[in-house]
Amino acid sequence: AEEDDVGTRQIGAASELGRDLRDVLVERAFPVSQWRLYDEADTIVALDDEEQARAIRPIDGADLAGADIVFFCGGAEQTARFIGSSELDGVVIDLGQTLALRDDVALVVPEVNADIVESAIDERLLATPLPAATALAVALSPIEQSVRLRRLTVTCLEPVSSSAGGIQELARQTGDLLSGREPEPL
């Protein structure tokens with residue numbers, strides 16, 4: 001391994017976000033010396049890609065010690081399970097928004113506030129905002145630099161897949177409707 005190579009761990013590697021992150025890091029030839037991927041055993045089994053499933057280890061045996069960067073790509077339970085771990089000594093990057101509302105975590109949108117990345121790395125905790133907030137920040141930042149925005153009203157329609165159990169709930173309600181039953185409200 002090269003001297004500049006990075007020891008990386010990825011929690012939630014079988015999630016859509018985890019798979020996308022891995023693809024981007026490979027595509028950009030991110031210098032990884034040791035790459036360990038973890039997720040829940042039932043999620044690994046459900047993957048369509050057998051090669052990908054073999055690369056992901058069960059989360060119960062996750063070893064975060066010595067990692068330079070730990071990416072959290074899964075749900076809040078996975079992040080909460082590891083965030084206070086004594087073996088977590090690298091930089092944490094939460095892509096699942098679990099840590100986004102904490103005061104001690106830098107919320108980073110590189111196109112808008114790249115200047116805080118270095119100090120955030122020193123603090124070892126970074127997070128990304130929700131995708132809609134990221135898109136708004138990128139779009140509004142140049143406008144805010146030219147004209148002072150006093151008020152902004154935004155309507156954001158989130159996909160059902162962004163909520164826990166959303167897909168299952170949609171499937172249940174769709175089944176009810178197609179069977180002539182009135183879906184039960186949440």
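Only this structure's heavy atoms are used, side chains among them; waters, hydrogens and symmetry mates stay out.
- Gln10 places no side-chain N or O within 3.5 Å of a backbone atom of Phe71 that could act as its donor or acceptor partner.
- A search for side-chain hydrogen bond (donor to acceptor under 3.5 Å, both in side chains) contacts involving Gln34 returns Arg9, not counting sequence neighbours.
- Although no hydrogens or angles enter the test, the distance criterion places no donor-acceptor pair under 3.5 Å between the side chain of Gln173 and the main chain of Pro183.
- Counting only distance, with no hydrogens or angles, the side chain of Asp94 and the backbone of Gly96 share a donor-acceptor pair below 3.5 Å.
- A 4.5 Å side-chain heavy-atom check between Arg36 and Thr8 finds every atom pair outside the cut-off.
- Once rounded to the nearest 0.5 Å, the distance linking CD of Glu87 with CG of Leu64 reads 5.0 Å.
- Smallest separation of non-hydrogen atoms from Cys73 and Leu21: SG-CD2, 3.7 Å.
- Nearest heavy-atom pair, Thr134 versus Pro129, reported as atom, atom and distance to 0.1 Å: OG1-CG, 3.2 Å.
- Hydrophobic cluster membership is shared by Phe30 and Val26, with clusters built from Ile, Leu, Val, Met, Phe, Trp and Tyr side chains linked at under 4.5 angstrom.
- Taken to the nearest 0.5 Å, the CZ atom of Arg172 stands 9.5 Å off from the CG atom of Leu177.
- Listed by first and then second residue, the salt bridge (charged side-chain N to carboxylate O under 4.0 Å, His left out) pairs that reach into residues 73-82 are Glu40-Arg81, Asp60-Arg81, sequence neighbours excluded.
- The side-chain contact (heavy atoms from CB on, under 4.5 Å) test with Phe72 singles out one residue from Ile93, Thr98, Leu95, Ile83, and that residue is Ile83.
- Considering all non-hydrogen atoms of both residues, Asp39 and Gln78 come closest at OD1-NE2, 2.9 Å.
- Separation of atoms CG (Leu125) and CG (Asp103) is listed at 12.0 Å; rounding is to 0.5 Å.
- Distance check: Ile59 CD1 to Leu37 CG gives 11.5 Å after rounding to the nearest 0.5 Å.
- How far CZ of Arg151 is from CG of Leu149: 12.0 Å, rounded to the nearest 0.5 Å.
- Distance CG/Leu130 to SG/Cys156: 8.0 Å, rounded to 0.5 Å.
- Between Asp23 and Arg19, no side-chain nitrogen of the basic residue sits less than 4.0 Å from a carboxylate oxygen of the acidic one, so the salt-bridge criterion is not met.
- Other residues, nucleotides and ligands contribute over 12 non-hydrogen atoms within 6.0 Å of the CZ atom of Arg181.
- Proximity of Thr79 to Leu99: side-chain heavy atoms (C-beta onward) are separated by under 4.5 Å at one or more points.
- In the displayed structure, Leu152 atom CG is contacted under 6.0 Å by more than 12 heavy atoms of other residues, nucleotides or ligands.
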- Query: Does the side chain to side chain contact (heavy atoms under 4.5 Å, CB included) test come out yes or no for Leu25 and Trp35, once each step is laid out?
  - Reply: CA-CA 11 Å; Leu25 294 179; Trp35 199 344; 4.1 Å; yes
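- With a 4.5 Å cut-off on side-chain heavy atoms, Val6 and Ser33 do not count as touching.
- Minimum interatomic distance between Ser15 and Gly18 (heavy atoms only, all atoms of both residues): OG-N, 2.9 Å.
- Applying the side-chain contact (heavy atoms from CB on, under 4.5 Å) test between Leu126 and each of Val91, Val92, Val105, Ile69 identifies Val91 as the sole match.
- Here the side chain of Asn113 pairs no donor or acceptor atom with the backbone of Val108 at under 3.5 angstrom.
- Residue Val138 is not grouped with residue Val117 when hydrophobic side chains (ILVMFWY) are merged at heavy-atom distances under 4.5 angstrom, including chains of intermediate members.
- Between the side chain of Ser179 and the backbone N or O of Asp176 there is no donor-acceptor pair closer than 3.5 Å.
- Nearest approach of Ala62 to Ile11, heavy atoms of both residues: CB-CD1, 4.3 Å.
- When all heavy atoms are compared, the tightest approach of Leu107 to Ile116 is O-CD1, 3.7 Å.
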